[in-house]
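Given the structure is predicted, the values throughout are model-derived calculations rather than measurements. Labels below follow one simple rule: chain letters A, B, ... track the order of the sequence lines, proteins then strands, and each chain is numbered from 1. Just the heavy atoms: all of them, side chains too, but no hydrogens, waters or symmetry mates, feed the values below.
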Amino acid sequence: MASSTSLRLVLSSEVRLIDLIHQSAEKVAQLAGFDEDEALNIGLAVREGAINAIVHGNRSDPNLEVNITLRASDEGFSAHITDEGEGFDPDAAPDPTEEDNLLATSGRGMLLMRAFVDDIVYSRREARGMEVTMTKRRTTG
Amino acid sequence: MASSTSLRLVLSSEVRLIDLIHQSAEKVAQLAGFDEDEALNIGLAVREGAINAIVHGNRSDPNLEVNITLRASDEGFSAHITDEGEGFDPDAAPDPTEEDNLLATSGRGMLLMRAFVDDIVYSRREARGMEVTMTKRRTTG
Amino acid sequence: MKVGVRNIGHVAVVDLAGKITIGEGDVVLREKVNELFDGGQQHVLLNLEKVSYMDSAGIGELVACYKRAKEKGGTVKLLNPSGKVFDLLQLTKLEEVFETYRDEKEALVSF
Amino acid sequence: MKVGVRNIGHVAVVDLAGKITIGEGDVVLREKVNELFDGGQQHVLLNLEKVSYMDSAGIGELVACYKRAKEKGGTVKLLNPSGKVFDLLQLTKLEEVFETYRDEKEALVSF
Ligand SMILES: Nc1ncnc2c1ncn2[C@@H]1O[C@H](COP(=O)(O)OP(=O)(O)O)[C@@H](O)[C@H]1O
Ligand SMILES: Nc1ncnc2c1ncn2[C@@H]1O[C@H](COP(=O)(O)OP(=O)(O)O)[C@@H](O)[C@H]1O
């Protein structure tokens, strides 16, 4: 394996491109040495991050771009997702597993992301929008 | 359909990313209104262009980037592929279907590209490398 | 996603196959379940055996089905969530919300 | 790509399934056919019935197999190329190079 394989996707904000993003993340996770099942989960985390960037960040405006950089290295997998939206405060999002929220029909995306990667860092971009970085380390041994 | 859906892929020059490129092109061709079989062929044309950019252009150097922009619009499908290689003269490539060349083990990529899209335009990039644009029109009616 | 309906007694068993994800599977699920409720059906058993995975939109749609059933005085229950789908129901604590069965007959008599 | 070999009389029938493409199927094909030639086999029938498509690298590998057979005094023939694979053989004019059969028995007796 080369020390680092990278694939960057720049797309118009359309939900119908989401399966491609998922497949791409899954493949890059496999190249990083994760097995099929782990790679599907990692793909799912990236999928959720990308849906948020497209739907919440860019409000599905096809003129706005979402930027996704996927990287496989000896350490593992990382994904970096940016949008051009208003940004948000991830700590303010309600916990979907609390009794009162169980019947909400949305609000579970970040929960899935957290479940399937090791670290997630959110920050506001200098220009406009959010920036999310997820990493999943390869536990060798 | 939005008037134009675009997906740009920027990748390290590695052949093992080629299936993802093929799948992406196939999907974008479907979004442009082509049926499954046509979309597979269009994907094959993009695949060949991308292989050339990775292998001949960037000589599989993972530090060099290949840039692929896929677009679905009301008119049809287009792909724009750039590499950072030496460039080449497409008219100088021998015809692989000539008697003397039939047993060559390579040299059929551009033939496949020509077979599956309507137009291909090659040009040398100002900086470095080649630039290939393919278009496939949707024949409505 | 593929969807089929078997009417067994007063229960509609909805056999789902594929992924319940945003913009595709979730829409198929919503339309089918709405159609059943609109047609007067009150008891729906979603057979998840052949569902490979769901995303947050798909999970949200499951909950939406559950709520719509309640509104109509009906019920939605789950049959045989597979490995990944089962994990997601646990993770989201929706296993506390949905009655879930491993055996179709047992599920059918529970309505 | 998946590959299996059936030895029928003095012919090795190589059943290929999947795509013969760069870095994957082409390598599998090359290794299997080399193995056969190195083991003294001279007559190889490549069964393409379940090959969905090939790219230029896969097509090049078919030609490489053909040439290697020649070098060893053997032959490589093709069985049942499917729609897309058949089109590619036509497009590249390789149908002029390869003896191609629709019927396995007929192919076997031709060696
Ligand atoms: N990239 C983003 N830009 C703006 N808001 C976001 C972004 N990502 C998440 N959010 C906000 O956080 C909330 C919770 O997100 P999430 O847990 O993924 O669930 P859901 O997407 O189903 O609402 C969203 O409803 C949205 O308000
Ligand atoms: N992007 C490129 N950069 C440099 N050379 C190229 C590029 N694309 C094609 N070529 C040249 O054109 C030749 C013919 O290409 P092609 O028809 O695709 O067949 P093949 O890739 O099998 O050689 C290549 O062998 C290479 O020399």
Gap separating the CD atom of B:E99 from the CD atom of D:E96, nearest 0.5 angstrom: 6.5 Å
Interface moiety of B:D19 toward chain D, non-hydrogen atoms closer than 4.5 Å: side chain
Chain B shares the most heavy-atom pairs under 4.5 Å, among D:I59, D:V97, D:D55, with D:D55
D:S52 versus chain B, heavy atoms under 4.5 Å apart: side chain, backbone, both or neither? neither
In terms of heavy-atom pairs under 4.5 Å with chain D, the winner among B:V55, B:N41, B:I18 is B:N41
Might you confirm whether atom CZ of B:R59 has over 12 heavy atoms from other residues, nucleotides or ligands at distances under 6.0 Å? no
CD1 (D:I22) and CD1 (B:I54) are apart, to the nearest 0.5 Å, by 8.0 Å
Heavy atoms of D:L91 and B:L111 approach each other most closely as O-CD2, 3.8 Å
Check whether B:L102 gets within reach of chain D through its side chain, its backbone, both or neither, counting any heavy atom under 4.5 Å. both
Supply the atom-to-atom distance B:N52 CG to D:S56 OG, rounded to the nearest 0.5 angstrom. 7.0 Å
Calculate, to the nearest 0.5 Å, the distance between atoms NZ and CG belonging to D:K84 and B:L44 respectively. 7.5 Å
Flag the one option from D:K19, D:E24, D:K67, D:E61 with the top tally of heavy-atom pairs under 4.5 Å to chain B. D:K67
Intermediate values then yes/no, side-chain contact (heavy atoms from CB on, under 4.5 Å), B:R108 and D:L88: CA-CA 10 Å; B:R108 296 181 182 85; D:L88 289 166; over 6 Å; no
